[in-house]
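Proteins get letters first, then strands, A, B, ... in listed order; numbering begins at 1 in each. As the structure is a prediction and not an experimental result, all values here were calculated from the model.
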Amino acid sequence: MKDGTETFNQARMGLILMIGIGVSGLLLLMVSEAGGGQNWLFDIFLLAVIATLALYHKVVYRPQQHLRQRVEGTEKRRGEIENTLVQALDRLRAGDLVNCSDAARQLPGTLALTLSNATNSLDALAQQIQTSSIEVASAANSVNEIASELASGSSEQAASVVEITAAMEELARTASQIAENASRQAELAARAEASGESGSAAVFEAVSGVEEVQKRISAIASRADALGTRSKEIYRVLDLITEIAQETHILSLNAAIEAAAAGADGRRFSVVAEEVRHLAQRSQESVESVRNLLDEFSSSIRATIVATEEGSKEAGRVLERSRAAALAIEELRGASGDTSRVARQISLATQQQNAASDEVVMTLREVSLVVQRMTGGLKNLSSTADRLNQLGLEIQLLAQSFHLESPRSLKHLVEDWAVQLEPLQSLQEKEAALDLLVRAAPFVELGYMMAIDGGTLALAFNKDLLDERQRSLAAKVRETDVRSRPWFKAVSRHWRTTLIPPYESMQNSEACFTVCTPLHNADGSLYAVLGIDINVTGWTRI
Amino acid sequence: MSVPHARGFLLLRRAGGVWGIANSAVDGLARSGEGYRIATGDGALMADEILGVVEDLAVRPPAPVVRRFWSEPSAGLAVHGALPLVVVDPSRPPAALRLEAEEGEMDEGRD
């Protein structure tokens with residue numbers, strides 16, 4: 001185009017030049033004629049100029065003029081196409097692949113096809129990127145949560161290891177004391193065992209002694225019994241003597257009576273009778289003495305027998321007790337031996353435990369160091385996960401900067417909501433419809449329609465994400481002029497669908513971002529802005 | 001009742017009391033179980049214990065006040081060795097000395 005114009009300009013300049021040459025020639029000829037030159041040269045020259053001019057005009061100038069017109073038309077068409085392409089590319093630059101495709105259709109033939117194909121490819125890529133960014137954000141969030149849990153758990157683990165180490169050190173000290181006590185116990189048990197053996201021997205001697213005593217008591221009892229039997233025989237003899245003494249006494253009495261009856265003649269006989277009576281009396285007295293003695297003897301014998309019986313019983317009881325004591329001492333000696341053996345085993349085991357406790361303490365100290373290093377590493381991991389999470393959000397934000405015809409595109413979502421809300425007439429209908437839309441979207445915290453003068457037209461909350469307190473906090477936006485809010489400023493800059501970078505929600509302090517789009521009346525005039533606050537965590541979980 | 005003049009008396013104990021009987025009235029003396037049986041011309045008497053024979057006793061007749069409280073027949077009262085005793089009339093022995101009294105007690109015991 002530029003060459004054609006230049007060519008035309010050059011042709012025009014050539015024509016002007018030739019005209020100028022012709023005029024110059026003509027003037028020269030006029031001057032020459034005026035000076036008496038020849039006319040026919042002037043006429044020929046004039047004719048040649050005129051012919052040349054005519055020929056030049058027909059052959060060069062007019063084609064060139066046509067060419068210029070054609071070039072101008074092409075330039076105009078090119079400009080239109082360029083504008084359309086610029087609009088399309090401008091929309092592409094803004095990430096609006098939907099309107100970019102619409103604009104591409106207005107381009108001619110191959111260009112439209114090529115741009116559409118490129119837009120479609122980019123759309124597909126952007127959708128993949130959006131999907132992947134959501135997955136990356138979700139994974140980053142999961143990694144962040146896991147890293148936080150691990151870091152927290154590791155800190156708790158480190159604290160626990162420190163406590164365990166302290167407890168094990170205390171245990172080791174206790175084990176050392178126990179080992180000492182066990183060693184002393186083993187010594188005492190050994191001494192007790194030795195004492196038990198001595199005591200057992202002594203008890204066995206005592207039992208033998210008691211058995212001997214019992215035998216002797218039995219022997220004494222037998223002899224006493226024999227004495228008792230002999231005393232009974234003596235009693236019988238005494239009874240006989242007593243009877244004889246009594247008969248003798250009676251005989252003496254009879255003799256005395258006869259002597260008395262004989263009078264003086266019986267006097268000497270009465271003396272004999274008296275002596276016999278005395279004899280009988282002395283016999284009786286002797287018998288009485290002997291009986292008394294025998295009674296005492298029998299009483300002693302009985303007492304002795306009773307004593308020996310009691311002694312024998314007592315000796316039997318003592319023997320039983322001694323045997324029981326011997327048995328107990330034997331058992332005690334056995335138990336003492338077992339105790340001594342167990343005490344030695346305990347002493348050995350506690351010494352081993354003491355050594356093992358020391359090893360455990362050293363191992364725990366090493367573990368504590370490892371855990372502390374691991375805790376530090378996990379904290380770094382947590383920081384990295386935080387950064388990864390942040391990057392995931394940033395990638396999401398970049399991915400969401402594209403307006404795609406996809407359910408994953410938030411710009412498409414908000415524009416779709418705007419399409420549904422714009423036809424409704426009353427504010428009540430708009431608010432009810434907005435409430436339904438918010439309920440159907442589990443990742444949306446809040447939906448609102450704000451007038452361009454900053455007032456609140458409609459407000460809808462997600463009751464699953466915001467509790468009553470948080471909802472009442474969000475409702476306070478009705479009392480404010482939102483024109484100073486960053487999201488309103490961003491959307492009002494170009495009055496097109498805008499995605500606000502992630503920020504901390506005022507309601508629940510969680511990460512969220514806002515996507516907003518202008519709302520138009522039926523006549524196309526702008527009257528409000530539709531905004532949706534998206535909960536990042538809820539968004540990445542869909 | 002008569003006061004005997006025969007020499008000597010046989011002293012005996014019966015039913016807790018001390019009694020005396022003239023030797024001349026005694027025909028024989030024998031043991032009978034735990035006690036003694038004294039044979040007299042009028043029968044037999046029982047004694048728990050024979051205390052002995054004495055040559056002489058100062059026998060006195062019982063006073064009326066004694067008879068008021070003890071109405072058994074007797075030959076008199078005497079004292080020997082600070083022991084009061086009753087001298088028995090062999091023909092009328094007191095119930096305590098009678099052989100029938102013991103047999104009656106034995107019958108009563110059998111009954």
Side-chain angles (χ1 to χ4, degrees), chain A residues 231-299 302, chain B residues 2-14 18-59 75-76 78 80-81 83 85 87-91 93 97 99:
Chain A
S231 69
K232 285 179 185 170
E233 292 177 2
I234 295 171
Y235 270 116
R236 282 198 292 274
V237 171
L238 286 178
D239 287 340
L240 182 62
I241 297 171
T242 300
E243 194 174 337
I244 293 171
Q246 284 175 352
E247 291 298 329
T248 305
H249 179 64
I250 290 172
L251 188 63
S252 71
L253 287 173
N254 282 315
I257 292 167
E258 292 300 327
D265 294 330
R267 191 175 300 277
R268 283 202 294 246
F269 187 69
S270 71
V271 172
V272 174
E274 187 65 23
E275 289 301 321
V276 170
R277 195 177 66 80
H278 288 156
L279 181 62
Q281 191 173 356
R282 282 205 301 276
S283 296
Q284 188 72 25
E285 289 171 357
S286 297
V287 165
E288 286 302 317
S289 284
V290 171
R291 192 184 294 278
N292 289 336
L293 287 171
L294 196 58
D295 285 342
E296 290 178 4
F297 182 71
S298 296
S299 177
R302 279 195 296 277
Chain B
S2 62
V3 177
H5 293 284
R7 285 183 62 81
F9 291 86
L10 179 65
L11 298 183
L12 58 94
R13 196 188 298 279
R14 174 73 174 171
V18 177
W19 309 83
I21 186 169
N23 287 336
S24 58
V26 176
D27 289 336
L29 176 63
R31 287 187 67 85
S32 173
E34 292 296 320
Y36 297 88
R37 186 170 184 213
I38 302 165
T40 65
D42 299 310
L45 304 176
M46 291 302 297
D48 296 331
E49 182 184 354
I50 303 296
L51 298 176
V53 176
V54 295
E55 285 194 355
D56 201 6
L57 279 179
V59 180
H80 177 73
L83 285 176
L85 58 94
V87 178
V88 176
D89 183 359
S91 60
L97 296 180
L99 180 62

- When the 4.5 angstrom heavy-atom criterion is applied to E258(A) and chain B, the contacting part is side chain
- Note on the structure: Turns out that what part of I50(B) lies under 4.5 Å from chain A's heavy atoms comes down to both
- Note on the structure: Closest heavy-atom pair, V53(B) versus A256(A), reported as atoms and distance to 0.1 Å, is CG2-CB, 3.8 Å
- Message: Which heavy atom of N23(B) sits nearest to which heavy atom of I257(A), and what is that distance?
- Response: O-CG2, 3.5 Å
- Task: Over all heavy atoms of both residues, which pair between G28(B) and N254(A) is shortest? Give the atoms and the distance, please.
- Result: C-OD1, 3.7 Å
- Item | Atom CD of E233(A): over 12 foreign heavy atoms under 6.0 Å | yes
- Item | Exceeds 12 heavy-atom contacts within 6.0 angstrom, atom CZ of R291(A) | yes
- Query: Would one find more than 12 heavy atoms of other residues, nucleotides or ligands at under 6.0 Å from atom CZ of R268(A)?
  - Reply: no
- dist E55(B):CD -> E274(A):CD (nearest 0.5 Å) comes out at 8.5 Å
- Note on the structure: Highest number of heavy-atom pairs under 4.5 Å with chain B among Q281(A), Q246(A), H249(A) belongs to Q246(A)
